[in-house]
Structures are given as C-alpha cells and as structure tokens.
Amino acid sequence: MAAGTCRYTPAAPLLRDLAERPIKATTLYLALGDAIVRLGVAQEGTRESISWCLSRHNPMLADGAFRAVAMLHLTPASEVIDMILDHVQPLAPSNGLRFWPTAAAAGWSATRVRAFLKECATSPQAGLVHTALASLDGKHQKHHLL
C-alpha cells in the first residue's frame, strides 16, 4: 500500500507479480489491489489497472482495487463504472465486496449507479446501508486507511 500511496511507479511490476502468487496472509491481496490501482492511475489509467485486478478472480485483490477508487474519490469513465458494477451487482446485498464501490459511487452519476446504491441501502449490513445512503446524497465519507 505504501508504494501506491507514495506513487512509487517502479514497484508496479513487483506488485503484480506478488498478486499472482499464493499468499497465506490473504489480506495482503487487499493492499496489493489498492497499490496496483493507485500506481495504475498514474501510469496506464484506471480502466487497465482495475481490469487487471478483476481478471485475477481474487476477491481480496478486487476489494483493494475498489478501495483505491473510493479513497481517491475517482470518477472513472462509464465503461469502468459498468465493469465494477458488473462485478459486484450480482453479489448478495450483504456481501462485503460491495462496500468500496458503494463508497466510491458518491461521485458517480448514472441510473444504474443509483439503482445499485438503492439496493445496497436494503442490506442487512448497517455499515453498507449508511454508506449507500451517504452516496445517494453525493456525500463522500471519511474512511480510515485500514
């Protein structure tokens, strides 16, 4: 995460290599996904870095990628928003992988985004409901790094 936060772009190939290795401490994938997207924004663009993370079929890596989008308050192109929603919308409203896209969506505008947020507002997860309602109002919340 530090490499991504500091925008240390020479670390990008190493981070991608690590993300493809089996790691017992799976929460490291969250940090790797976050850093890969942060560095990708500076190098290749949001679409490429998010697409790469999602193509690995690793939920923790995807969660990290979504986290970076939310923490940076990115408003990606509509095709990237669709890619993100295509990934999380089929999941149950209680699925934790919906949290960061819900937080990021505060700055997004589209009918599909509003429908997703309204669906998240019905979740049994209180934190997701709170975040969905804030995003529906266009309000970014302050989230802690970890």
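The figures here come from the full heavy-atom set of this structure, side chains too, leaving out hydrogens, waters and symmetry mates. Predicted, not measured: the structure shown is a model, and the values here were computed from it.
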- Note on the structure: Here the pair of heavy atoms bringing Cys120 nearest to Thr102 is SG-OG1, 3.4 Å
- Task: Calculate, to the nearest 0.5 Å, the distance between atoms CD1 and CG belonging to Ile36 and Leu61 respectively.
- Result: 5.5 Å
- Message: Between Thr131 and Gln141, is there a side-chain donor-acceptor contact under 3.5 Å, judged purely by atom types and distance?
- Response: yes
- Query: So how far is it from Ser55 OG to Ile50 CD1, rounded to the nearest 0.5 Å?
  - Reply: 12.0 Å
- Query: Say you draw a straight line from CZ of Arg114 to OG of Ser135; how long is it, rounded to the nearest 0.5 Å?
  - Reply: 10.0 Å
- Under a 4.5 Å cut-off applied to non-hydrogen side-chain atoms, are Arg112 and Asp86 in contact? yes
- Query: What is the minimum heavy-atom distance between Val41 and Ser49, and which atoms define it?
  - Reply: N-OG, 4.5 Å
- Identify the two heavy atoms, one from Pro93 and one from Leu128, that lie closest to each other, and give their separation to 0.1 Å. O-CD2, 3.1 Å
- Query: When you look at Glu48 and Gln43, which way does the side-chain contact (heavy atoms from CB on, under 4.5 Å) test go after all the steps?
  - Reply: CA-CA 10 Å; Glu48 290 79 7; Gln43 288 183 308; over 6 Å; no
- Task: Measure the shortest side-chain to side-chain distance between Ser51 and Met83 over non-hydrogen atoms and say whether it is less than 4.5 angstrom.
- Result: yes
- Note on the structure: Hits for side-chain hydrogen bond (donor to acceptor under 3.5 Å, both in side chains) against Asp17, two or more places apart or cross-chain, chain-then-number order -> Arg21
- Could you tell me the separation between the OG1 atom of Thr27 and the CG atom of Leu32, rounded to the nearest 0.5 Å? 10.0 Å
- Message: Please list all pairs meeting ring pair (Phe, Tyr, Trp, His ring centres under 6.0 Å) that have one or both residues in residues 108-133, counting only residues at least two apart or in different chains.
- Response: none
- Query: Checking Asp137 side chain against Lys139 main chain: does a donor-acceptor pair fall under 3.5 Å?
  - Reply: no
- How many angstroms lie between CG in Leu39 and CG in Leu15, if you round to the nearest 0.5 Å? 6.0 Å
- For Leu72 and Arg38, the nearest pair of non-hydrogen atoms, with its separation, is CD2-NH1, 3.3 Å
- Ignoring hydrogens and angles, tell me if any N or O in the side chain of Ser123 forms a donor-acceptor pair with the backbone of Glu119 under 3.5 Å. no
- Item | Distance-minimising heavy-atom pair for Ala121 and Ala132 | N-CB, 3.7 Å
- Query: Quick one: are Ile84 and Ile81 in side-chain contact, heavy atoms under 4.5 Å?
  - Reply: no
- Taking NZ, NE, NH1 and NH2 as the nitrogens, is one of them in Asp63 or Arg98 under 4.0 Å from a carboxylate oxygen of the other? no
- In short, ring pair (Phe, Tyr, Trp, His ring centres under 6.0 Å) pairs touching residues 43-80 with sequence neighbours left out are Phe66-His87, His73-His140
- Donor-acceptor pair, Arg56 side chain versus Glu20 backbone, under 3.5 Å? no
- Task: Return the minimal non-hydrogen interatomic distance between Leu85 and Pro90, and the atom names on each side.
- Result: O-CD, 3.9 Å
- Message: Please check this pair: side chain of Tyr29 against backbone of Ala62, looking for a donor-acceptor N/O pair closer than 3.5 Å.
- Response: no
